[in-house]
Amino acid sequence: MHTINYETSSFFYSRKNSRKKQFILEDIFIIHQIKNVLRLKKGNQIILADDSGMEYTCSFVPHGKNKILFNVLEFHIVNNISKINLHLF
């Protein structure tokens, strides 16, 4: 099990191929946040949450200018998702 400290950044990402050990991120907004705002470096860990209720702890490697390769270290189902459907009008 990998230990994550309080400084680990989290992002929501609509990920298709769940439970693979690697995937490439091409979302320019998240890449901008990782590279330019947070100034994270190769090997730093982040948490990605997807729209299926999964959470992935990943380390990343820059993969060209507009791509990042994520190595999934572990994943699990998030248990804190509300069962209540809320509709705002």
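In this structure, OG1 in Thr57 is found 7.0 Å from CD in Gln45, a value given to the nearest 0.5 Å. In this structure, CD in Gln22 is found 9.0 Å from OG in Ser59, a value given to the nearest 0.5 Å. One finds the NE2 atom of His32 at 12.0 Å from the CG atom of Asp27 (value rounded to the nearest 0.5 Å). Lys42 NZ to His63 NE2: the interatomic distance, rounded to the nearest 0.5 Å, is 12.0 Å. Atom CZ of Phe70 is separated from atom CG of Leu25 by 5.0 Å, given to the nearest 0.5 angstrom. In this structure, Ile34 CD1 and Phe29 CZ are separated by 14.0 Å, a value rounded to the nearest 0.5 Å.
Phe75 and Tyr56 have tilted rings, their planes meeting at an angle from 30° to 60° on a 0 to 90° scale.
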Note to self: Quick one, Lys21 with Asn71, criterion side chain to side chain contact (heavy atoms under 4.5 Å, CB included). Give me CA distance, side-chain angles, the key distance, then yes/no.
What the structure shows: CA-CA 6 Å; Lys21 295 192 185 252; Asn71 294 310; over 6 Å; no
Next item on the list: Go through the steps for His87 and Asn85 under the test side chain to side chain contact (heavy atoms under 4.5 Å, CB included), then give the verdict.
Entry: CA-CA 7 Å; His87 300 279; Asn85 290 324; 4.1 Å; yes
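Closest of all the heavy-atom pairs between Leu38 and Ser9 is CD1-OG, 3.3 Å. Smallest separation of non-hydrogen atoms from Cys58 and Leu48: SG-CD1, 4.2 Å.
Judged by distance alone, with hydrogens and angles left aside, the side-chain atoms of Lys35 form no donor-acceptor pair with the main-chain N or O of Asn66 at under 3.5 Å.
Hydrophobic cluster membership is shared by Leu40 and Ile31, with clusters built from Ile, Leu, Val, Met, Phe, Trp and Tyr side chains linked at under 4.5 angstrom.
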